[in-house]
Amino acid sequence: MAADAENTPHARRAAPLAPLPDHRNVNMPWWQELWRRHAHLTTPLRERGLACDIEFGLSAHVVRVSLPDGSHLIISPPQEPSSERPAGDPEGWIATREHPDDPSLFEVLYDSAPCDDPGTPQRPEARHGGSAQPLIKALDHRLSQLGLLPHPLSPTGTPSSPPLPATPTAPDPKAPAVCDTAVHAPVHGDALLALAARLNGSESNADAATARAGIQRLPQPPAHPAGPRHNR
């Protein structure tokens, strides 16, 4: 898929990526723009066999990561108060582990969000701010301790690949095609995200209808000319 091909360097792709989400928003331009802006988080996690999705949290979009034991991670920017930085590029990341059937399970795995309260000590990772690499490294460490990495890291630090099947399997023709049209239209993407946030926060059918109409009226980015394909 275009999004996977562009956001995952070939040299790092030691294991197959976890599948994309399977819901109707996958084909929506605003969702594709959000997915692109969070690819620096979702791609390394999917390389480790962890399925990811983009959802709307308290006041910002978050990355939800499904874990093998039924629990999940929520990776979000600061939400109370909310971050004013662009989606996918906050001043810090907060990663928690929760379980829908066990309210007692709540663990903060990472918190690099700045703290304005002088009486509250900052966590060591606060010095990393919005950098993704230290966050992924911390998640690797904790999930390895818990035995929740489907593709454990190899000695070289890359996700190990499971044994290949004897006969190569054809790609799934029904897999959702997450395209990269929003990559070439940042202004268009910002407008989509603003309208999507309004849609998520609407309190009446009239407000929701207005937001949907605004998304439909947005001009579409120019289509990419089809170029020659080269077999590798």
Side-chain angles (χ1 to χ4, degrees), residues 1 3-23 26 31 34-55 57 61-77 88-90 92-113 123-166 168-169 171-172 175-176 178:
M1 297 178 203
D4 292 344
E6 292 198 358
N7 294 318
T8 308
H10 179 72
R12 291 179 50 217
R13 203 177 304 165
L17 294 173
L20 288 164
D22 183 15
H23 53 69
V26 168
W31 190 92
L34 283 170
W35 184 261
R36 181 187 70 82
R37 295 193 181 200
H38 291 85
H40 56 307
L41 300 181
T42 59
T43 299
L45 291 170
R46 292 175 64 216
E47 286 178 334
R48 288 150 175 78
L50 298 171
C52 303
D53 200 355
I54 306 293
E55 299 179 350
H61 287 91
V62 304
V63 178
R64 181 187 176 101
V65 186
S66 299
L67 299 177
D69 66 343
S71 63
H72 59 264
L73 304 180
I74 296 294
I75 304 174
S76 73
D89 183 29
W93 292 106
I94 303 171
T96 60
R97 176 171 169 248
E98 308 169 24
H99 198 294
D101 298 326
D102 184 4
S104 65
L105 176 57
F106 182 85
E107 178 183 5
V108 178
L109 280 65
Y110 189 87
D111 185 355
S112 63
R123 293 171 61 101
E125 57 264 31
R127 66 182 184 275
H128 299 305
S131 177
Q133 187 173 3
L135 166 63
I136 299 299
K137 184 177 180 180
L139 296 181
D140 277 339
H141 177 71
R142 182 55 180 151
L143 295 180
S144 294
Q145 287 181 330
L146 298 171
L148 295 178
L149 275 183
H151 298 163
L153 297 183
S154 67
T156 61
T158 58
S160 60
S161 177
L164 294 176
T169 56
D172 183 1
V178 175

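When a residue number appears, it is its place in the shown sequence, counting from 1.
Contacts of H141 classified as ring-ring contact (aromatic ring centres under 6.0 Å, His included), with partners at least two apart in sequence or in another chain: none.
A heavy-atom distance below 4.5 Å is found between the side chains of P16 and H151. Counting only heavy atoms from C-beta outward, the side chains of L105 and E98 never approach each other to under 4.5 Å. Counting only heavy atoms from C-beta outward, the side chains of T42 and L50 never approach each other to under 4.5 Å. With a 4.5 Å cut-off on side-chain heavy atoms, L73 and T96 do not count as touching. I94 has its side chain out of reach of Y110: every pair of non-hydrogen atoms, C-beta onward, lies at least 4.5 Å apart. Between I74 and V63, every side-chain heavy-atom pair lies at or beyond the 4.5 Å cut-off.
In plain terms, the two heavy atoms of L41 and A132 that are nearest each other are CD2-CB, 3.6 Å. R46 and C52 make their closest contact through CG-SG, 4.0 Å (heavy atoms, listed as atom of the first residue, atom of the second, distance). Nearest heavy atoms, A51 versus A18: N-CB, 3.8 Å. Annotation for A113 and D111: closest pair N-OD1, 3.1 Å, computed over non-hydrogen atoms.
No donor-acceptor pair under 3.5 Å is formed between the side chain of S71 and the backbone N or O of L67. With hydrogens and angles disregarded, no donor-acceptor distance shorter than 3.5 Å links the side chain of R142 to the backbone of A138. Between the side chain of S112 and the main chain of G129, a donor-acceptor pair closer than 3.5 Å is present.
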side-chain contact (heavy atoms from CB on, under 4.5 Å) between R48 and L143, worked out: CA-CA 11 Å; R48 288 150 175 78; L143 295 180; over 6 Å; no
Test side-chain hydrogen bond (donor to acceptor under 3.5 Å, both in side chains) applied to H23 and D53, step by step: CA-CA 10 Å; H23 53 69; D53 200 355; 3.1 Å; yes
Trace of the side-chain contact (heavy atoms from CB on, under 4.5 Å) decision for E125 with L135: CA-CA 8 Å; E125 57 264 31; L135 166 63; over 6 Å; no
Step-by-step side-chain contact (heavy atoms from CB on, under 4.5 Å) determination, W35 to L20: CA-CA 10 Å; W35 184 261; L20 288 164; 3.3 Å; yes
Trace of the side-chain contact (heavy atoms from CB on, under 4.5 Å) decision for D69 with R97: CA-CA 11 Å; D69 66 343; R97 176 171 169 248; 2.7 Å; yes
CA sep, side-chain torsions, deciding dist, call: H72, R64, side-chain hydrogen bond (donor to acceptor under 3.5 Å, both in side chains): CA-CA 7 Å; H72 59 264; R64 181 187 176 101; 3.2 Å; yes
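Taken to the nearest 0.5 Å, the OG atom of S104 stands 10.0 Å off from the NE2 atom of H99. Between the OG atom in S66 and the CG atom in L45 there is a gap of 11.0 Å [rounded to 0.5 Å]. In this structure, CG on L148 lies 11.5 Å from CG on L139, to the nearest 0.5 angstrom.
Ring pair W93/H128: centre-to-centre distance not below 6.0 Å.
No more than 12 heavy-atom neighbours from other residues, nucleotides or ligands sit within 6.0 angstrom of CD on Q133.
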